[in-house]
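These notes are about the structure you will find just below.
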Amino acid sequence: MIRLGVNIDHVATVRQARRISEPDPAWAVALAELGGADQITIHLREDRRHIQDYDLDNVLAVAKVPVNLEMAVTDEMVQIACSKKPFIVCMVPEKRQEVTTEGGLDVVSRLKAVKTATRKIKKAGVRVSLFIDPDTDQVKAAKEAGSDAIELHTGAYAHAWNTPAAAKELKRLHEAAVYAYGLGLSVHAGHGLNLLNLAPIARLPHIEELNIGHALIGRAIFVGLKESVAQYKARIQEALAGS
Ligand code: PXP
C-alpha cells in the first residue's frame with residue numbers, strides 16, 4: 001500500500017485570508033486521520049503565507065500519524081526542524097513570488113548547503129526527503145547529500161496530463177524512481193495530483209508515498225475533508241489493484 005500524505009496548507013490559506021482563528025489546520029488533522037490519512041504534510045514557508053509557527057506546534061501536538069514538514073533550505077528552517085522534530089522534513093525550493101512550489105530543489109548546484117542541512121536535521125533524529133525533478137543527476141546528488149528519501153515532483157506530468165507529453169513525463173518519473181530505489185533511497189511523489197491523474201503515478205515502481213494538497217482540499221469544500229481523504233485513499237487502492 002502507498003501512504004497518503006495530506007497537505008493541509010490550504011486550510012491555513014483560508015484562515016489567513018481574514019487573519020482570524022478559523023478554520024484551524026489542527027481540526028483538519030483529526031478529520032484527515034478519520035478519512036484514512038497516513039501522514040499530515042504542512043509547509044512552513046519563509047513568508048508565512050499560510051501555515052504559521054503556532055500551527056506547526058498545534059499539528060505536532062494533535063497528529064497521531066507522522067508529520068512531514070516541508071521547508072526551504074535556510075538556517076532558520078533547519079533550526080526549527082531540529083527543535084520541533086517532525087517525523088520527516090522535505091526540503092523544497094522557495095521563491096517569494098511563486099503561487100506554489102515551482103520546480104524541484106536544485107540539489108546539484110546547492111549540494112554543499114543541502115548536505116549541511118541534511119546532516120544537522122538527521123542528527124536531530126528527523127528523516128530527510130528532498131523534493132526534486134525526475135532527473136538522475138538530481139537523484140544522485142540527493143544520495144550524495146545524505147538524504148533518506150526523495151519526493152519526485154509530478155507537476156510537469158500533472159500539467160501535461162491528457163496530452164501526448166504526459167507519457168514522456170511519466171517515463172522520466174519511472175526512470176528516476178528506479179534509479180533512486182537502486183541507490184537505496186525511499187521514493188515519494190507529489191504536486192498537482194488529483195483523482196483523475198494519480199493512478200499512473202501510484203503504479204510507478206517503488207513509490208511509497210504520495211503527498212496531495214490542492215485538489216484534495218478543494219474537493220473537501222464540497223464533500224467534507226474526511227470524505228475527500230477517503231476518496232483519495234480508495235483511488236490509490238483501485239490504481240494499485242489495476243483499475
Ligand atoms: N509535495 C510538495 C513538496 C509540495 O511543495 C506540494 C505543494 O505544497 C505538494 C506535494 C502538494 O501539491 P498539490 O497542492 O499540488 O497537491
Side-chain angles (χ1 to χ4, degrees), residues 1-5 7 38-39 41 43 68-73 87-95 98 100-115 117-118 121-122 127-194 196-215 232 235-236 239-240 242:
M1 192 47 198
I2 291 174
R3 292 189 300 274
L4 172 61
N7 183 314
D38 301 294
Q39 176 174 273
T41 297
H43 185 173
N68 171 26
L69 175 64
E70 294 176 0
M71 52 168 246
V73 188
F87 175 71
I88 187 165
V89 153
C90 180
M91 283 191 261
V92 302
E94 241 179 64
K95 292 187 217 115
E98 69 191 358
T100 181
T101 315
E102 292 166 358
L105 186 65
D106 187 352
V107 187
V108 173
S109 70
R110 299 187 61 192
L111 185 58
K112 196 161 167 260
V114 176
K115 203 171 185 170
T118 300
I121 294 166
K122 285 180 71 168
R127 279 172 66 77
V128 172
S129 173
L130 301 175
F131 185 51
I132 57 172
D133 288 329
D135 175 290
T136 48
D137 287 342
Q138 295 295 344
V139 176
K140 204 186 296 176
K143 176 70 184 173
E144 208 178 324
S147 94
D148 301 293
I150 53 158
E151 179 171 329
L152 292 172
H153 195 318
T154 51
Y157 158 78
H159 191 65
W161 190 74
N162 228 359
T163 75
K168 193 171 135 240
E169 293 303 332
L170 207 53
K171 186 165 176 280
R172 289 178 68 205
L173 288 158
H174 185 122
E175 285 167 4
V178 170
Y179 186 62
Y181 181 78
L183 293 179
L185 293 161
S186 294
V187 185
H188 309 163
H191 211 282
L193 298 180
N194 60 34
L196 296 176
N197 68 18
L198 73 74
I201 300 298
R203 289 193 206 111
L204 287 173
H206 315 304
I207 298 287
E208 289 180 19
E209 174 183 309
L210 297 180
N211 283 297
I212 305 181
H214 186 89
Y232 273 81
R235 189 73 198 104
I236 294 170
L240 295 177

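For the pair Asp38 (side chain) and Glu209 (backbone), a donor-acceptor distance under 3.5 Å is absent. Without hydrogens or angle criteria, Ser147 side chain to Ser129 main chain gives no donor-acceptor distance under 3.5 Å. A side-chain donor-acceptor contact under 3.5 Å links Arg203 to the backbone of Ala239.
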Under 3.5 Å, which donor-acceptor pairs link side chains of residues 136-143 to any protein atom two or more places apart or in another chain?
| unit_1 | atom_1 | unit_2 | atom_2 | d |
| --- | --- | --- | --- | --- |
| Gln138 | OE1 | Val107 | N | 2.8 |
| Gln138 | OE1 | Val108 | N | 3.3 |
| Gln138 | NE2 | Asp106 | OD1 | 3.0 |
| Lys143 | NZ | Leu183 | O | 2.9 |

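Shown here for Ala202 and Leu210, the closest heavy-atom pair between the two residues is CB-CD1, 4.4 Å. Between Asn194 and Ala215, the shortest heavy-atom distance links the atoms CB-CB, 3.6 Å. The two atoms that bring Ile150 and Leu152 nearest to each other are CD1-CD2, 3.6 Å, heavy atoms only. Between Asn197 and Trp161 the shortest heavy-atom distance is CB-CD1, 3.4 Å.
Between Leu193 and Tyr232, the closest side-chain pair of non-hydrogen atoms is not below 4.5 Å. By the 4.5 Å heavy-atom criterion applied to side chains, Asn68 and His188 are not counted as neighbours. Looking at heavy atoms from C-beta onward, Met91 lies in side-chain contact with Ile121 at the 4.5 angstrom threshold. Residues Arg127 and Ser186 meet the side-chain proximity criterion, which asks for heavy atoms closer than 4.5 Å. Using a 4.5 Å heavy-atom threshold, the side chains of Val187 and Glu208 count as separate. Taking 4.5 Å as the limit, every side-chain heavy atom of Pro134 sits out of range of all side-chain heavy atoms of Tyr157. Using a 4.5 Å cut-off on side-chain heavy atoms (C-beta onward), Leu170 and Ile201 make contact. With a 4.5 Å cut-off on side-chain heavy atoms, Asn211 and Gln39 count as touching.
Applying the ring-ring contact (aromatic ring centres under 6.0 Å, His included) criterion to Tyr179, with sequence neighbours excluded, gives no partner residue.
The stretch residues 160-187 participates, sequence neighbours left out, in these salt bridge (Lys or Arg N to Asp or Glu O under 4.0 Å) pairs: Glu169-Arg172, Lys171-Glu175.
Separation of atoms CG (Asn7) and NE2 (His43) is listed at 9.0 Å; rounding is to 0.5 Å.
Summarising the local packing, NE2 of His206 is surrounded by more than 12 heavy atoms from other residues, nucleotides or ligands at distances under 6.0 Å.
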